[in-house]
Amino acid sequence: MRKNETRIYFLAGDGSILAVKKCGATDGKGRPVTASQTILGADLPNIPWQDRPAGSSRVMWRYAANPVIPRDLIPCANSIFNSAVVPFQGAFAGVFRADDRRRTMRVHAGRSGDGIDWEIDNEPIRFVGAAPEVAESGHYYDPRVTEIDGRYYVTWCNDHHGPTIGVGWTDDFRTFRQLENAFLPANRNGVLFPRKIGGNYAMLSRPSDWGHTPFGDIFYSESPDLEYWGRHRHVMARKGGWQSLKVGAGPVPIETAAGWLLIYHGVLLSCNGYVYSCGAALLDLDEPWKVTHRCSDYLLSPQTIYECVGDTPNVVFPCAALTDAATGRIAVYYGAADTVTCLAFAEVDELIAFIKDHNEL
Ligand code: BMA
């Protein structure tokens, strides 16, 4: 143990140790180390953060000043939601879904110093370099951004005679190049892993239909070059309750000592329509199509006014997560009610302990 360090043990019902949290220790730069080195990733000392509100016992809690991005932040927008952000050059950059006032779905680049106050381009991203047949798309929505070896890859729900997974990349969040679509239609929620697995790029996706898709499981695919995809594996089926209709990957999976931490959305069909909630699971690090733990309880479900009221009521739709390995902090960006963009927070050791303690495969 380091000097001044206290350890808190999280125990399961049977007394077994689920996680250990270290308090009081400092890292080499004098910053407090409040979590074990569970996240296998970079430190992000400027991660947006707010402590859990006093009196709350939730494993994931909302930013008190939600929404961080209002629906009309840029003049052209009807709504700005389901968006992806990453650390970029000491600050933050992102790709934002903005439906315009004709209700065309487009993606826009944005930049922020603190991850909370954003400047988003009013002009949508114009991807360059795609084959003409691929470039002719009417829809761009639900983007994710994944950094792999210093390059920022964008995946989004594209249109090619039906919904499919568009793939592009940027180095500077100004010029965006487009590659081939990853899959045949119909598919949505394409999310790249942040490193190659078994020597190949790896992606989660959710085969769907042309409409609002009253079904859906998460699948895993590999590619040697981000163009040709294969080795498809089934990962996760819909289950009961909040995830009984369909599931889809959310933010880029977070690599941890306990496996890939996958935050995902699950959908329930109520008599009033679809209800989108946020949940989590752990995937095997080497064979991510193997789910080792899956949390029976949702982490967030639509309960606030900005999640329950908007263009599509009752939607919590996570698309990005920032992480700080030194502290174990996780900041999740999610779309609320298909209208605005919000933030929620969790601590990795508590979250993994919660998933294991509520494990139902
Ligand atoms: C899904 C996608 C998302 C949207 C969600 C809820 O099918 O279209 O963009 O947030 O429905 O309407």
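Start at 1 and go down the list; that is how both ligands and their atoms are numbered. Note that these values count all heavy atoms, side chains included, but never hydrogens, waters or copies made by symmetry.
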Query raised in the report: Can you tell which of W260, W289, F193 makes a side-chain contact (heavy atoms from CB on, under 4.5 Å) with L204?
Result: F193

Query raised in the report: Going by an N to O cut-off under 4.0 Å, is there a salt bridge joining D149 and R195?
Result: no

Query raised in the report: Does the pair R97/D99 count as a salt bridge with the N-to-O cut at 4.0 Å?
Result: yes

Query raised in the report: Partners of A93 by side chain to side chain contact (heavy atoms under 4.5 Å, CB included), sequence neighbours excluded?
Result: F88, F173

Requested in this report: Go through the structure and list residues passing side chain to side chain contact (heavy atoms under 4.5 Å, CB included) with N200, not counting sequence neighbours.
Outcome: E222, P224, R231

Query raised in the report: With sequence neighbours excluded, what pairs up with Y264 under the ring-ring contact (aromatic ring centres under 6.0 Å, His included) test?
Result: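 ring-ring contact (aromatic ring centres under 6.0 Å, His included) list for Y264, sorted by chain: W242.
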
For ligand 1, find each of its N or O atoms that sits under 3.5 Å from a protein N or O atom, and tabulate the pairs with distances to one decimal place.
| residue | atom | partner | partner atom | Å |
| --- | --- | --- | --- | --- |
| ligand 1 | 7 (O) | Y276 | OH | 3.4 |
| ligand 1 | 9 (O) | N82 | ND2 | 3.2 |
| ligand 1 | 9 (O) | R97 | NH1 | 2.7 |
| ligand 1 | 9 (O) | D142 | OD1 | 2.9 |
| ligand 1 | 9 (O) | D142 | OD2 | 2.7 |
| ligand 1 | 10 (O) | N82 | ND2 | 2.9 |
| ligand 1 | 10 (O) | D338 | OD1 | 2.5 |
| ligand 1 | 11 (O) | Y276 | OH | 3.0 |
| ligand 1 | 12 (O) | D338 | OD2 | 2.6 |

